[in-house]
Amino acid sequence: FRAKKGFELVSADYAQIELVILAHLSGDANLVAAFNSGVDVHKRTASLIFGVDTEAVSADMRRVAKTINFGVMYGMSAFRLANELRIPRGQAASFINSYFETYSGVARFIEDTKESARKKGYVETIMGRRRYIRAIGSSNKLERAGAERVAVNTPIQGSAADIVKTAMIRVDRALAREGLASRLLLQVHDELILEAPLAEVAAARELAKREMEAVISLAVPLRVSVESGESWGDFH
């Protein structure tokens, strides 16, 4: 994917937005502190799980922590973690237990969300979008477990979708308000891509970052990384 002649593509990408939302929704002190201190959250998680200084975290330790950080919001089991990391199931279970001991607020959020969904029959995103979960009270164990995973994941992924959609509106309106010829071209997951005339690239980069980071105020600040170039492949 390439910009037309005389233009560049500007990519503005939310950094770890789902983990940021999990930190906000759970209010977990360790997870919030990791983000607010600006450290590598996967390294910080590995440090806490393995009981070593951040500087001593190896690439393998970080890989384990990253897999768990993203896996818990999808209801990752010890069996699945063991398969993904190619480690014994007992070791995977130990890692997950250590994670929830480290981030006890996340464990509480998960259980509280399940219980709320059972009582209300639905869950909501940060911006109030509601998803009804009919199977949350099912007598079928597998069906109920699947519904519980949906109940936990929806406020996280759904809120991320709310934020990205709002960001698209804010960026588009700001471009028009400031009279720029740059245009919003594409949304890919947590990333917005603009096409900007060469003379506007710097302004488009600043605008996208400013508008996207100001969408909503959370316990953990939204952070956006911005890159630009003639080809999307230049920064992917």
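Computed from heavy atoms alone, side chains included, the values below leave out hydrogens, waters and symmetry copies. Quick note: residue numbers are just sequence positions, from 1. Since we're looking at a predicted model, the values are computed, not measured.
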Measuring from [X]:[atom1] to [Y]:[atom2], what's the distance to the nearest 0.5 Å?
{"X": "Thr67", "Y": "Arg62", "atom1": "OG1", "atom2": "CZ", "value": "10.0 Å"}
{"X": "Lys120", "Y": "Glu115", "atom1": "NZ", "atom2": "CD", "value": "11.5 Å"}
{"X": "Leu185", "Y": "Leu192", "atom1": "CG", "atom2": "CG", "value": "11.0 Å"}
{"X": "Phe50", "Y": "Ser58", "atom1": "CZ", "atom2": "OG", "value": "7.0 Å"}
{"X": "Phe7", "Y": "Glu230", "atom1": "CZ", "atom2": "CD", "value": "13.0 Å"}

Q | Trace of the side chain to side chain donor-acceptor pair (under 3.5 Å) decision for Arg134 with Tyr132 | A | CA-CA 6 Å; Arg134 309 295 183 191; Tyr132 287 88; over 6 Å; no
**Q.** side chain to side chain donor-acceptor pair (under 3.5 Å) assessment of Ser225 paired with Asp13
**A.** CA-CA 5 Å; Ser225 59; Asp13 193 9; 4.8 Å; no
Q: Step through it carefully: locate the ring centre of Tyr103, locate the ring centre of Phe109, and say whether they are under 6.0 Å apart.
A: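 That pair fails the under 6.0 Å test.
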**Q.** side chain to side chain donor-acceptor pair (under 3.5 Å) between Arg44 and Thr54, worked out
**A.** CA-CA 6 Å; Arg44 177 62 175 158; Thr54 305; 4.7 Å; no
Q) What pairs of residues pass the side chain to side chain donor-acceptor pair (under 3.5 Å) test when at least one of them lies in residues 180-191, not counting sequence neighbours? A)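 Of all non-adjacent pairs touching residues 180-191, those that pass side chain to side chain donor-acceptor pair (under 3.5 Å) are Ser11-Glu191, Ser182-Glu200, Arg183-Glu195, Glu191-Trp232, Glu191-His236.
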Q) With distance as the sole test, does Ser159 use its side chain to make a donor-acceptor pair with the main-chain N or O of Ile156 at under 3.5 Å? A)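 The answer is no, because no donor-acceptor pair under 3.5 Å joins these two groups.
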Q) Counting N and O atoms only, with roles assigned by atom type, does the side chain of Arg205 sit under 3.5 Å from a partner on the main chain of Val226, one being a donor and the other an acceptor? A)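 Yes, the answer is positive, given that a donor and an acceptor are paired below the 3.5 Å cut-off.
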Q.
Just to verify, which of Arg149, Glu124, Arg131 counts as forming a side-chain hydrogen bond (donor to acceptor under 3.5 Å, both in side chains) with Thr154?
A.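 Option passing the side-chain hydrogen bond (donor to acceptor under 3.5 Å, both in side chains) with Thr154: Arg131.
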Q) Side-chain heavy atoms under 4.5 angstrom apart, residues restricted to Ile, Leu, Val, Met, Phe, Trp, Tyr: same cluster for Val106 and Val123? A)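 Val106 does not cluster with Val123.
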Q) Transitively linked via ILVMFWY side-chain contacts under 4.5 Å: Ile163 with Ile169? A)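 As far as the 4.5 Å side-chain criterion goes, Ile169 and Ile163 are not connected within one cluster.
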Q | Heavy-atom closest contact (Ile136 atom, Arg118 atom, distance) | A |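 Ile136 and Arg118 have their closest heavy atoms at CG1-CG, 3.7 Å.
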Q: Would you please name every residue forming a side-chain hydrogen bond (donor to acceptor under 3.5 Å, both in side chains) with Glu227, sequence neighbours left out?
A: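 Glu227: no side-chain hydrogen bond (donor to acceptor under 3.5 Å, both in side chains) contacts found.
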Q: Would you check if there is a donor-acceptor pair between the side chains of Asn30 and Thr102 at a distance under 3.5 Å?
A: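 There is no such pair (donor and acceptor under 3.5 Å, judged by atom type) between the side chains of Thr102 and Asn30.
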**Q.** Check: Phe35 and Leu19 side chains under 4.5 Å, non-hydrogen atoms
**A.**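 Yes, at least one pair of side-chain atoms sits under 4.5 Å.
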(Q) Just to verify, which of Met76, Arg89, Gln91 counts as forming a side-chain contact (heavy atoms from CB on, under 4.5 Å) with Leu81? (A)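 By the side-chain contact (heavy atoms from CB on, under 4.5 Å) criterion, Leu81 pairs with just one of Met76, Arg89, Gln91: Met76.
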Q) With His42, which residues qualify under ring pair (Phe, Tyr, Trp, His ring centres under 6.0 Å), at least two apart? A)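 In terms of ring pair (Phe, Tyr, Trp, His ring centres under 6.0 Å), with neighbours along the sequence ignored, His42 is linked to Phe70.
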Q.
Check Glu148 with Lys141, please: is the shortest side-chain N to carboxylate O separation under 4.0 Å?
A.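 Salt bridge flag = no for Glu148 with Lys141.
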